[in-house]
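Presented below is the structure to which this report refers.
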Amino acid sequence: MNNSSQVRVRFAPSPTGHLHVGNARTALFNWLFARQAGGVMVLRIEDTDVERSEARFEGQLLDDLKWMGLDWDEGPDVGGPYGPYRQSDRLAMYHEQAERLLREGNAYLCFCSQEELERDRAEKLANQLPPVYSGNCRALDPAEAQQRRASGEAAAIRLRIPEHPIRFHDIVHGAVEFSNEVVSDPIILRSTGIPVYNYVVVVDDALMKITHVIRGDDHLSNTPKQVALYEALGWPVPQFAHLSTILGSDRERLSKRHGATSIANFREMGVLPEALMNYLALLGWAPSGGTREIFTPEELKKEFSLQRVTPSPAVFDMEKLYWLNRHYIKQSPPERIEKLAEPYFVRAGLLPAKPDERIRKWFEKIVALLVPSVDRLEQLPERAALIFQYDAAAAANSPENADVWAAPKTNEVLEEFAQLAGSDAAPLTPERFKTIMNEVKTMTGAKGKELFHPVRVALTGSHSGPEFDKLIPILEEGSLLELPRHVMSVRQRLDRLLTKSKADPSSD
RNA sequence: GGCGCUAUCGUCUAGGGGUUAGGACGGAAGAUUCUCAAUCUUCAAACCCGGGUUCGAUUCCCGGUAGCGCUACCA
């Protein structure tokens with residue numbers, strides 16, 4: 001089953017918080033590559049940093065990943081043949097391999113104190129030399145060193161970096177070469193017995209039979225150490241693919257300073273997972289030809305190619321993500337969007353926590369009305385203000401509407417409209433509205449803007465908004481529903497406005 | 001300081017020794033609509049700089065510059 005040609009990739013986050021977009025993209029590229037190759041995706045939790053790791057973050061991480069639409073074949077939650085999948089459960093393996101390196105002479109015990117090392121480093125830096133380890137303990141007699149350690153002297157374990165340049169091939173960057181002169185003999189096991197990241201990764205990746213290491217390019221400079229480690233351990237070196245960094249608009253590394261950066265943030269904003277996936281895929285990758293932008297997850301699995309990943313860093317562009325999101329929102333079945341949008345309205349106090357069937361039916365119309373004008377679901381309640389909130393004073397006095405009130409036919413149009421619409425007992429229908437408007441038109445001679453604008457301002461308080469055909473039924477039906485905040489009917493709005501202008505003579 | 005990576009419109013990118021350097025987001029203008037949004041059409045907008053190789057470089061090589069990363073008993 002597990003023949004040597006089987007692709008195995010891994011995503012290895014630290015549980016230090018919510019999944020960040022940079023890591024999400026790394027996870028995505030791993031996933032796409034694995035799924036396309038019919039390979040295996042491994043999820044490994046890098047929790048050796050006890051200070052920053054928290055168990056509850058692991059659950060968040062998995063949720064974020066699942067929400068994006070990613071899945072994995074082996075991991076802490078699903079198990080697998082190469083477990084355990086949490087580094088904190090693998091400590092024995094790290095010790096075992098470190099002792100083996102020691103025995104075989106590829107690593108050595110180092111007794112240098114931190115102060116010594118720091119002094120040495122500062123000196124080298126001052127002399128403009130690469131700050132590599134002095135090698136003081138490199139030539140120590142192994143037997144003697146073992147004895148010192150046995151007698152209780154604090155000792156770290158260092159890897160012996162070979163005396164030749166270290167070369168490796170990177171799928172994204174091509175041939176990479178580092179001179180051994182600048183690669184320090186790295187500590188792999190601290191004197192406290194806690195292994196170091198660069199060592200742990202290699203042991204895990206090798207033992208988990210990872211064939212392709214796809215990760216952020218902040219690890220590129222660490223790769224020679226890791227290659228040396230693979231070689232010292234006698235294990236095959238995997239293929240590497242180092243992905244460029246995602247930057248903020250100021251070309252600095254994307255951080256919280258730049259606004260939303262965690263997957264959870266985007267989810268809360270009402271970004272659809274497929275929009276985020278599509279956008280992230282386009283950061284650093286483009287299809288052959290480079291003219292297509294829209295890719296569903298299934299299409300990405302088919303089209304994606306690591307060979308086409310760009311090595312240069314990419315600036316995260318919210319606007320383009322929003323554009324994609326708008327596309328996917330419009331593409332989605334309305335029921336899905338209604339379901340996703342409902343909580344935003346409940347939270348804003350516009351809908352009851354458990355809307356009944358009538359309210360739901362009515363809410364469908366609101367969503368259909370507003371969705372085209374929105375690029376995130378979270379914007380919906382504020383767009384719905386013209387339905388849920390009616391402020392007669394603002395309608396009459398807002399400077400935005402001054403032009404409309406100043407127009408010569410406004411008062412005449414409104415009076416006619418109020419009279420006709422007010423004389424009906426039944427709720428106003430779009431058909432009746434059309435008839436009324438035609439009558440107002442003949443009686444006042446107003447048409448176009450001078451006809452519609454006064455009515456729009458009178459009913460919504462704003463001179464811009466959606467079509468009356470769709471808006472009026474929403475207002476009329478809404479006024480009959482039991483809602484946390486009463487929705488005013490057309491007539492109620494007119495009443496408000498007219499009483500208002502009577503009470504305030506300055507408004508004409 | 002040392003080492004590494006990167007460099008095409010404002011942004012994401014395609015392309016590649018000879019092209020009107022293509023697409024998308026955003027921007028501008030127009031169409032449509034009572035208005036806004038949406039939609040459609042059109043337009044503006046780029047090969048970091050300097051050397052070399054070459055008949056010819058934006059493309060290949062070298063150098064510079066800038067940005068980012070690594071340089072830890074951080075991950």
Side-chain angles (χ1 to χ4, degrees), chain A residues 12-14 16 46-49 51-53 87 110 112-114 117-118 121 124-133 154-158 170 172-173 176-179 181-184 186-198 200-201 216-225 242 244-245 247 249 251-253 279 282-294 308 310-324 326 330 369-375 383 404 437 446-457 460 462-468:
Chain A
S14 298
T16 55
E46 306 214 323
D47 58 353
T48 48
D49 184 357
E51 303 256 308
R52 281 189 280 177
S53 298
Q87 287 184 336
C110 175
C112 297
S113 72
Q114 299 220 30
L117 293 171
E118 233 152 81
R121 190 185 138 80
K124 289 215 164 78
L125 238 33
N127 291 315
Q128 317 204 338
L129 292 166
V132 294
Y133 173 58
I157 301 181
R158 272 187 200 273
D170 186 285
V172 177
H173 294 271
V176 186
E177 181 181 318
F178 285 80
S179 160
E181 306 283 321
V182 299
V183 183
S184 220
I187 294 214
I188 59 173
L189 208 68
R190 285 180 263 246
S191 51
T192 55
I194 310 269
V196 155
Y197 167 80
N198 276 308
V200 165
V201 178
D217 69 358
D218 46 336
H219 293 290
L220 190 59
S221 301
N222 285 324
T223 306
K225 285 178 192 170
H242 285 97
S244 67
T245 323
L247 308 175
S249 48
R251 300 214 136 256
E252 280 185 41
R253 209 187 176 77
Y279 179 69
L282 256 22
L283 271 189
W285 172 83
S288 161
T291 56
R292 204 173 144 200
E293 310 282 334
I294 307 283
R308 294 190 59 81
T310 36
S312 50
V315 172
F316 193 90
D317 180 5
M318 254 344 153
E319 291 302 325
K320 188 153 183 178
L321 169 63
Y322 290 160
W323 171 74
L324 278 165
R326 204 152 60 216
K330 280 193 266 187
L369 181 76
L370 299 177
V371 136
S373 70
V374 109
D375 48 34
R383 294 294 169 124
V404 179
M437 288 309 275
K447 55 179 197 287
K449 234 180 217 184
E450 51 181 0
L451 175 65
F452 280 89
H453 257 166
V455 176
R456 178 172 291 286
V457 169
T460 68
S462 165
H463 59 278
S464 72
E467 297 157 50
F468 284 116

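Remember, predicted model here, so these are calculated numbers, not experimental data. Note on naming: letters A, B, ... go to the chains in the order of the sequence lines (proteins, then strands), and numbering restarts at 1 for each one.
With hydrogens and angles disregarded, no donor-acceptor distance shorter than 3.5 Å links the side chain of A:R251 to the backbone of A:V315. Without hydrogens or angle criteria, A:T310 side chain to A:G284 main chain gives a donor-acceptor distance under 3.5 Å. Side-chain N or O atoms of A:H242 include none that pairs as donor or acceptor with a backbone N or O of A:D170 at under 3.5 Å. In this structure, the side chain of A:S14 does not engage the main chain of A:T16 through any donor-acceptor pair within 3.5 Å. Between the side chain of A:R383 and the backbone N or O of A:S373 there is at least one donor-acceptor pair closer than 3.5 Å. Using a distance-only test at 3.5 Å, with no hydrogens or angles considered, no donor-acceptor pair links the side chain of A:Y279 to the main chain of A:F316. A:S462 places a side-chain N or O within 3.5 Å of a backbone atom of A:S464 that can act as its donor or acceptor partner.
Rounded to whole Å, the separation between the P atoms of B:G26 and B:U39 comes to 9 Å. As rounded to the nearest Å, B:G67 and B:A72 have C1' atoms that lie 24 Å from one another. With P as the reference atom, B:C49 and B:A57 are 14 Å apart, rounded to whole Å. B:C40 and B:A45 have their P atoms separated by 24 Å, with the value rounded to a whole Å. B:C47 and B:U11 have their C1' atoms separated by 16 Å, given to the nearest Å. A gap of 27 Å separates the P atoms of B:C25 and B:C34, to the nearest Å. Remark: the separation of the P atoms in B:A29 and B:A14 is 31 Å, to the nearest Å. Taking the C1' atom of each, B:C48 and B:C55 are spaced 27 Å apart, rounded to whole Å.
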field: Protein-to-nucleotide contact annotation, 5' to 3' order, nucleotides 66-73 of chain B [B base; S sugar-phosphate only; - none; under 4.0 Å, heavy atom]
entry: -SSBSSSB
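With RNA chain B read from its 5' end, the first of the two nearest nucleotides for A:P287 and A:Q87 is the one closest to A:P287. Between A:G465 and A:S179, the one whose closest nucleotide on RNA chain B sits nearer the 5' end is A:S179.
Remark: P of B:U11 and CG of A:L324 are 19 Å apart, rounded to the nearest angstrom. Between the C1' atom of B:A24 and the OH atom of A:Y322 lies a distance of 18 Å, rounded to the nearest Å. For the pair A:Q128 CD and B:C3 P, the interatomic distance rounds to 11 Å; values are reported in whole Å. Here the P atom of nucleotide B:U13 and the CG atom of A:L283 are 6 Å apart, to the nearest Å. With rounding to whole Å, A:F316 atom CZ is found 16 Å from B:U11 atom P. Whole-Å rounding puts the A:F452 CZ to B:C34 C1' distance at 6 Å. Between A:L369 atom CG and B:C36 atom P there is a gap of 16 Å when expressed in whole angstrom units. One atom, CG of A:N127, and another, P of B:C3, lie 15 Å apart when rounded to the nearest Å.
If you check every strand for non-hydrogen atoms under 4.0 Å, A:S288 touches nothing. Across all strands, A:G216 comes closer than 4.0 Å to no nucleic acid atom at all (heavy-atom distances). Residue-level contact check: A:H463 touches the bases, meaning some heavy atom is under 4.0 Å from a base atom. Contact annotation for A:R326: backbone-only contact, meaning every heavy-atom pair under 4.0 Å involves sugar-phosphate atoms and none involves a base.
Nearest nucleotide to the side chain of A:R308, out of B:A24, B:G15, B:C5: B:G15. Out of B:U35, B:G26, B:C12, the shortest distance to the side chain of A:S464 is found at B:U35. Closest to the A:V176 side chain, of the nucleotides B:G4, B:C34, B:C12, is B:G4.
Remark: B:G4 base-pairs with B:C68; criterion is Watson-Crick or G-U wobble with both hydrogen-bond distances under 3.5 Å. Pairing for B:A45 is absent, judged as Watson-Crick or G-U wobble with the two contacts each under 3.5 Å. With a cut-off of 3.5 Å on both pairing distances, B:A14 has no Watson-Crick or G-U wobble partner at all. Pairing partner, B:A38: none, since no Watson-Crick or wobble contact has both distances short of 3.5 Å. Taking a pair to require two hydrogen-bonding distances under 3.5 Å in either a Watson-Crick or a G-U wobble arrangement, B:U20 remains unpaired. When both distances must be under 3.5 Å, the Watson-Crick or G-U wobble mate of B:C60 is B:G52. The pairing partner recorded for B:U33 is none, the criterion being a Watson-Crick or G-U wobble arrangement whose two distances lie under 3.5 angstrom. Shown here, B:C9 forms no base pair; nothing in the strands shown gives a Watson-Crick or G-U wobble contact with both key distances under 3.5 Å.
Here the CG-OG distance, from A:L247 to A:S312, works out to 9.5 Å after rounding to the nearest 0.5 Å. With rounding to the nearest 0.5 Å, the separation of OG1 in A:T460 from CZ in A:F468 is 6.5 Å.
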Distances for protein N or O near nucleotides 19-23 of chain B N or O, under 3.5 Å:
residue : atom : partner : partner atom : Å
B:G22   : N2   : A:G290  : O            : 3.1
B:G23   : O2'  : A:T291  : O            : 3.0
B:G23   : N2   : A:E293  : OE2          : 3.3

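With a 6.0 Å radius and a threshold of 12 heavy atoms from other residues, nucleotides or ligands, A:K124 has its NZ atom above the threshold.
Using a 4.0 Å cut-off, some side-chain N or O of A:K330 falls inside it from OP1 or OP2 of B:U39.
Side chains of A:V183 and A:V132 form no contact here, defined as non-hydrogen atoms less than 4.5 Å apart.
A donor-acceptor contact closer than 3.5 angstrom links the side chains of A:T245 and A:D217.
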